[in-house]
Amino acid sequence: MAGDKIDMIHHVADGDKLEIFHWHISLPKLEIFGLDMSITKHVLFMWIAAALMLIIFISIARKESMVPRGWRNFFEAICEFLRDFVAKPYLHEDTNTYLPILWTFFFFILFCNLLGLIPFGATATGNIIVTGTLAVSALVIIKISAFLKHGPRGYLHALVPQVPGWLWPMMFVVEVLGWGAKTMALAVRLFANMLAGHIVILGFLSLPFIFKSYGEVVGYGVGIFSVAICVAIGCLELFVAFLQAFVFTFLTAVFLGMMTHPSH
Amino acid sequence: MSKKAIALSCVFLFFGAFVFAGEGGSSSALLQPNPGLAIWTIITFVFLLLVLKKFAWGPLIQQLEKRSQYIENKIKEAEEKHQKALELMEEYQKKVELAKQEAMQIVEEGKQDAEKVRQKITDQAKKEAENLKSQAQKEIELATKQAKEELWSLAVQLSTQLAEKILERTLSSEEDKKLIGKVLEEYQKN
């Protein structure tokens, strides 16, 4: 914020530097097969989220006990909630098969969201490339699971139930559009939600710097108001972090259920 | 989710990412396509999924199943035990009831026996008393009779002697005796 212009997009966009106060830590640039594979800020924060997940969940799974306590109890309760209220109603007997995917989606998105709330952190899920890739991964996983489960004939049958042959091209278009829309919905919802909160906070935090030009007192006065609002929005963002991870997982479970259990 | 499905998904996703890489750039920093980031996302996610599946989610699912099974068993066991306890209690209650009845019966029987014994003793005593009484009466009667007879014979003797003295002769003939007897008989009747 040292310059006279506040660049909000710069703060939420991906970058090749970690910025902590005035220290800038450059991240390594990589190029593989002519592709830019640089470790950007968002890649780094995805890795931090992944590392946290590996540490937490592997250590939790090791502590086998009939009476869970502490952190294990906390994460287990979330896992069980996802299993019983998100996966089971849509996946029925296949719940345990797809549970690892749903749990990974939920916690990965949640951890990325929460890392973005930490000062100097970056929200990987506030990047349309990341959310888009996750949504496409979900879609591909759903399609391939259904294909492997029902086989080519069963898959087509599940896709278009009782429809005369001449309608098939149209059904194909509708189906493709439908899945495109579902993927877009997953990707854009998560991206926009995570981005919006940060931009609103940034906007409110910019106010005192703008009002500073009317005098120091006005700047500080507006600052108190801005910080109060930011705290409130921060709380909302904390909630949204959980909510969006849940929504993504929930919709993935619903789509999975639609594809693997077409009769339901 | 089988390994096959994950592997197939990876192939599709990487193919997609490389196709996507050829697309032109957008002006906005937020919407700029970045195939490197997409590939890193896929790698990170798939790696995370595979490792967690093997070392965390798999064991966790098993543990959850095991625990729910354990709890279910325990609840069933507790219910069975409760049922058994109820049955046992009922049985013991029945036994207690039975014992009470038996005790009551014993007491009743004892009472009846005592009553019988009492009755018997009383009866015996009464009978004995009756016997004694009748015996005494008989004895008294006998004694009275004897006394009467004795008295009578004495009276006969005396009256005979008296009459002899008055008549100054012996009353020994059959006729006399008959006369005396007739008088006495008349006398006795009165």
Side-chain angles (χ1 to χ4, degrees), chain A residues 9-10 12-14 30-33 35-40 42-43 46-47 49-50 53-54 56-62 64-66 68 75-76 79-80 83 96-101 103-105 107-108 124 126-130 132-134 136-137 140-141 143-145 147-148 191 195, chain B residues 1-18 20-22 25-71 73-74:
Chain A
I9 299 301
H10 171 76
V12 290
D14 204 1
L30 262 176
E31 198 162 306
I32 300 170
F33 304 123
L35 256 178
D36 178 20
M37 295 282 286
S38 303
I39 312 298
T40 60
H42 285 164
V43 175
M46 272 197 301
W47 286 355
M53 277 175 78
L54 289 176
I56 289 171
F57 291 110
I58 291 175
S59 71
I60 275 174
R62 284 237 177 110
E64 191 173 346
S65 105
M66 281 299 163
F75 285 109
E76 219 178 65
C79 289
E80 269 191 90
R83 183 188 67 178
N96 282 353
T97 323
Y98 299 117
L99 211 45
I101 295 238
W103 280 348
T104 312
F105 268 129
F107 287 107
F108 185 56
N127 187 320
I128 187 73
I129 308 296
V130 174
T133 311
L134 287 176
V136 172
S137 305
V140 170
I141 285 165
K143 288 278 162 194
I144 287 175
S145 312
F147 194 80
L148 288 180
F191 158 69
L195 192 70
Chain B
M1 190 70 188
S2 62
K3 286 239 161 65
K4 205 163 129 200
I6 293 173
L8 260 172
S9 307
C10 286
V11 170
F12 270 93
L13 286 170
F14 281 118
F15 181 71
F18 277 104
F20 183 54
S26 156
S27 52
S28 167
L30 279 179
L31 297 172
Q32 210 163 29
N34 185 347
L37 183 56
I39 290 168
W40 277 131
T41 307
I42 296 165
I43 290 172
T44 310
F45 182 75
V46 171
F47 173 77
L48 197 59
L49 177 60
L50 290 178
V51 174
L52 281 181
K53 194 186 169 207
K54 182 147 175 60
F55 295 107
W57 302 142
L60 198 61
I61 288 172
Q62 268 175 3
Q63 282 166 31
L64 289 179
E65 292 283 296
K66 213 163 92 188
R67 192 186 309 142
S68 66
Q69 201 68 43
Y70 175 80
I71 291 168
N73 283 347
K74 282 280 156 195

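Being a predicted model, the structure only gives us computed values, none of them experimental. A, B, ... follow the sequence lines: proteins, then strands. Residue 1 opens every chain.
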Atom [atom1] in [X], atom [atom2] in [Y]: separation rounded to 0.5 Å?
| X | Y | atom1 | atom2 | value |
| --- | --- | --- | --- | --- |
| A/E80 | B/L64 | CD | CG | 4.5 Å |
| A/T104 | B/L50 | OG1 | CG | 9.0 Å |
| B/L52 | A/F107 | CG | CZ | 10.0 Å |
| B/L48 | A/W47 | CG | CH2 | 13.0 Å |

Where is the tightest heavy-atom contact between B/W40 and A/S38, given as atom of each residue plus distance?
NE1-O, 3.6 Å

Please report the shortest heavy-atom distance between A/A61 and B/P59, naming the atom on each side.
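Taking A/A61 first and B/P59 second, the nearest heavy atoms are CB-CB, 4.1 Å.
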
Evaluate the side-chain proximity of [Y] to [X]: yes if any heavy-atom separation is below 4.5 Å, no if none is.
| X | Y | answer |
| --- | --- | --- |
| B/F45 | A/F105 | yes |
| A/N96 | B/E65 | yes |
| B/T41 | A/I129 | no |
| B/F47 | A/L54 | yes |
| B/L49 | A/F108 | no |
| B/L37 | A/M46 | yes |
| A/T133 | B/I39 | no |
| A/C79 | B/L60 | yes |

At a 4.5 Å cut-off on heavy atoms, which part of A/T40 comes close to chain B: side chain, backbone, both, or neither?
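The side chain, not the backbone.
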
Answer with side chain, backbone, both or neither: which region of B/Y70 has an atom nearer than 4.5 Å to a non-hydrogen atom of chain A?
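Side chain only.
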
Could you walk me through whether A/I58 and B/V51 pass side-chain contact (heavy atoms from CB on, under 4.5 Å), step by step?
CA-CA 9 Å; A/I58 291 175; B/V51 174; 4.2 Å; yes

